[in-house]
Amino acid sequence: MSGVAGIYYLDGRPVEEEVDRMVDVMEHRGPDGINTWRSEAVGLGHCMLETTPEDQHESLPLIDRGGALVATADARIDNRDDIIKTLGLQRPKDPPITDTELILAAYKQWGEDCPQHLLGAFVFAIWDEKNERLFLGRDQFGIKQLYFYHKNGRHFYFASEIKSLLSLSDVPEKIDELTLGIHLANGRPDGERTIFQNILRFPPGHALTATPCKVRRRQYWSLSATDVPSDLTDEEYAERFRNIFEEAVRCRLRSTRSVGSELSGGLDSSYVTCVAHRILRKSTDRNTLHTFSTVYDRFDECDERPYIQEVTKKEGIEPHYTIVEEQSIIDLLDEIYDYLDDGRVSGNHHLNWLTARQAGRSPVRVLLTGQDGDTTVHHGWQYFLELARGRKWEEFARLANQTIRVLQRDDGVVERQETWSEPEDILGDYGSVYLLRWAKKGNYLKLLSSLVEISKHFSVSPWLILQNMWREVVFPAYYWRKSRQSPSQPNVPKTIAPQFADDVGLKEYLSKRSSQSNEEPRHITARNAQARILKSSYLVSSFEKIAHYAAAAGVEARHPFMDKRLIEFCLGLPPQQSLSKGWSRAVMRRAMKGVVPEPIRQRTEKANLAAPFRYLLIDLGGGEIEQILRYDTGKMGNYVNQSYLSSLYKDAKEEKGSVSQDELHTFAKAISMLHWSRRR
């Protein structure tokens, strides 16, 4: 990933060496050159990582002919041919048109509407001297990251990394305590806030205009579905999907060097890898595709090598493996925090770091991923809710039985990490939602007719359902299915210091966000559930971390499943193209036939990474954790409950069954943040 930075002094004072300092702290993003440009109150900077053939002809910041426009960008424009044709930019005898030149041409043609004409991954800034304004744009899904700091009437700063902003003397390094608390509590943060006060994330799908008088942001794009015909055959839907997906991969293969691909052995990364391999073998001299996989020697149940090798045995693929157990999570944090600015490493993100690191040690500059394929091509479990709402219980039962048969093929695990063993489990999870709603609202005709139909197709007594449902209506702490519990107000984890939680109003914040999350839409569908995930701040945060890891390794991460055309197409599909005959993600499985090995195409299970996480954190990293808990942690110690952390660590070390996987991940977040604070 390249890097951008900029300063606009709204009060008119001149920019001096500050912009040089901003790019110097991001030098890992500029192995192919670092440059700055200054003119009076404006300064722009750029760190170059050449990843496309056109990059080799580009020197940024780019000064347009006449000097009225200056641009800096971290961009890959995928609809280059369309823009060149639309704007009449053909110049066969000259060097190729660079992506930043295309952005400038689009700005000259469409002004502040130019981002909506761009397809790809980008952040850019254009200084428009004539209109005395700075204009910024970010891609639709936030694949390229950008942060900013603004003080009214004084200054506006922006950069690809927070550390670049913190290099400026008038940007305070002050923790946003509520955001920190939300992270430690596994809460859902505001999409724009970062862990530092007043340093904000520039939202995806937005543009910004800064003038001496005001700074104005607007959303230029919002998520919507393509108008896909509803009467196509399964094969026709699959063919359309295949064509769009292949184009999403093809446009991301534009590279100066060899191309790499993450390969976990699952559906998404395998599909990306196989399609990329096919295209490269047909169209370029660089026909070797490098794959990068994390594997396990100690935990056979997590090792995906049998599936990975189904793909890598193809001619023209060069596999690279990283043994996960060779380093503890704490050791990896030492590496990560040399680059990541905010200390919010969580979950299994160390695997993304290992993959990027291995790619950086290879000949590749581009790393394809299968990230969030199961968001773009949805599992479709909410289709059961649609059937329940329509009281289509016979179809519900048939699909539930088909789903159980498919999952029992290889002990499949659904997206929530729960195993369904019988159709009644699915009825309990999804059919109960509307039965309970009708009971509470007094829609007894719908309720009773549904119970009669359910008794015909499921091995469950309608009287037992009514009996337990009455408990739920009167006593909301119970559900008619014993394993279900009604949503409760979220508790603040014991890993967080109680006084700190009270001071920032953490419980109130979590309760409010939980209530908003639990407000079910009037009509729950597979598609609005999918759209909700695609709009989530979690998704943006996840891609930003991956981008930071890639930048640290000197590669660019590219995500075919985050292609705007593909996402809009999938959102327009009928729900039966997600869940069909018991198979989730059905349209993609059909499109994969003949491209991906059958053992992978028919997978329904996922590796459970709980056991290695505990081993990597507690067994391998125990010594470092004990040091972190033993020594003074400064102000960060006021945010966490260190005595509880010590007790939890002791229980986990002794492998007491009372420490759940959720507690272990919450513990890891606190330890990670303490470790980060010691390094600052």
Side-chain angles (χ1 to χ4, degrees), residues 1 49-57 76-81 96 99 119-121 143 239 241-294 304-305 307-322 355-356 358-371 373 376-377 546 550 553-563 565-566 588 591-598 600-601:
M1 301 287 192
L49 175 71
E50 293 178 358
T51 61
T52 69
E54 294 78 17
D55 284 345
Q56 299 174 89
H57 302 275
R76 187 199 71 252
I77 304 302
D78 292 336
N79 59 335
R80 288 175 48 83
D81 293 343
D99 287 358
L119 186 68
I143 304 305
E239 181 64 23
F241 178 92
R242 184 185 301 111
N243 291 338
I244 297 171
F245 186 79
E246 288 180 358
E247 179 55 30
V249 174
R250 181 181 290 106
C251 68
R252 286 166 174 78
L253 292 175
R254 193 161 51 104
S255 176
T256 54
R257 301 187 188 180
S258 298
V259 175
S261 182
E262 286 186 350
L263 181 59
S264 68
L267 267 70
D268 302 322
S269 65
S270 297
Y271 195 20
V272 169
T273 301
C274 290
V275 170
H277 173 254
R278 276 191 168 193
I279 296 171
L280 288 173
R281 296 285 286 177
K282 291 178 181 178
S283 62
T284 73
D285 295 331
R286 302 185 311 276
N287 56 14
T288 297
L289 177 68
H290 297 259
T291 61
F292 302 92
S293 307
T294 51
E304 303 275 59
R305 267 175 282 203
Y307 292 107
I308 292 168
Q309 288 165 359
E310 286 284 339
V311 174
T312 58
K313 66 185 180 183
K314 295 175 180 285
E315 182 182 355
I317 291 181
E318 184 174 331
H320 304 261
Y321 297 100
T322 300
T355 303
Q358 183 66 25
R361 295 170 178 174
S362 77
V364 311
R365 273 285 176 93
V366 167
L367 180 65
L368 303 177
T369 83
Q371 288 290 329
T376 297
V377 190
I546 292 170
V555 298
E556 180 182 3
R558 298 179 182 175
H559 315 290
F561 281 103
M562 286 292 106
D563 188 278
R565 296 161 296 187
L566 183 67
M588 188 172 83
M592 295 167 73
K593 191 168 186 178
V595 179
V596 175
E598 281 298 293
I600 298 173
R601 191 178 77 89

Distance (rounded to the nearest 0.5 Å) between [X] [atom1] and [Y] [atom2]:
X      : Y      : atom1 : atom2 : result
Asn79  : Glu247 : CG    : CD    : 10.5 Å
Ile143 : Met562 : CD1   : CE    : 6.5 Å
Met592 : Cys274 : CE    : SG    : 7.5 Å
Leu289 : Thr312 : CG    : OG1   : 11.0 Å
Ile279 : Glu246 : CD1   : CD    : 6.0 Å
Leu263 : Tyr307 : CG    : OH    : 13.0 Å

side-chain contact (heavy atoms from CB on, under 4.5 Å) with [X]: which residues, sequence neighbours excluded?
X      : result
Ile244 : Arg565, Leu566, Phe569
Ala356 : Tyr549, Ala553
Arg80  : Glu54, Ile77, Ile84, Ile97, Asp99, Leu102, Arg254

Which atom names give the shortest non-hydrogen contact between [X] and [Y], and what distance separates them?
X      : Y      : value
Arg252 : Leu368 : O-CD2, 3.8 Å
Gly370 : Asp268 : O-CB, 3.4 Å
Leu49  : Gly554 : CD1-O, 3.5 Å
Gly120 : Asp78  : CA-OD2, 3.4 Å

Would you call [X] and [Y] a side-chain contact if the rule is heavy atoms closer than 4.5 Å?
X      : Y      : value
Val311 : Ile600 : yes
Thr355 : Leu367 : yes
Leu253 : Val366 : no

**OP:** Verify side-chain contact (heavy atoms from CB on, under 4.5 Å) between Val275 and Arg278, making sure each step is shown before the conclusion.
**Re:** CA-CA 5 Å; Val275 170; Arg278 276 191 168 193; 5.7 Å; no
Counting only pairs under 3.5 Å, give me each side-chain donor-acceptor contact of residues 313-322, with atom names and distances, residues two or more places apart or in other chains.
unit_1, atom_1, unit_2, atom_2, d
Lys313, NZ, Glu310, OE1, 3.4
His320, NE2, His290, ND1, 2.9

Subject >> Residue pairs, two or more places apart or on separate chains, that pass ring-ring contact (aromatic ring centres under 6.0 Å, His included) and touch residues 248-280 >> reply: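 Applying ring-ring contact (aromatic ring centres under 6.0 Å, His included) to every pair that reaches into residues 248-280, excluding sequence neighbours, yields Phe245-Tyr271.
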Salt bridge (charged side-chain N to carboxylate O under 4.0 Å, His left out) involving [X] - partner list, sequence neighbours excluded:
X      : result
Glu556 : Arg76, Lys144, Arg558
Arg365 : Asp32
Glu304 : Arg603

With sequence neighbours excluded, tell me which residues meet side chain to side chain donor-acceptor pair (under 3.5 Å) with [X].
X      : result
Gln371 : none
Glu239 : Arg242
Ser270 : none
Ser264 : Ser269

Subject >> Check: Pro560 main-chain N/O paired with Asp563 side-chain donor or acceptor under 3.5 Å >> reply: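 Side chain of Asp563 to backbone of Pro560: no pair is present.
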Original post:
Do any N or O atoms from the side chain of Ser362 and from the backbone of Ala359 form a donor-acceptor pair under 3.5 angstrom?
Top reply: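 Yes.
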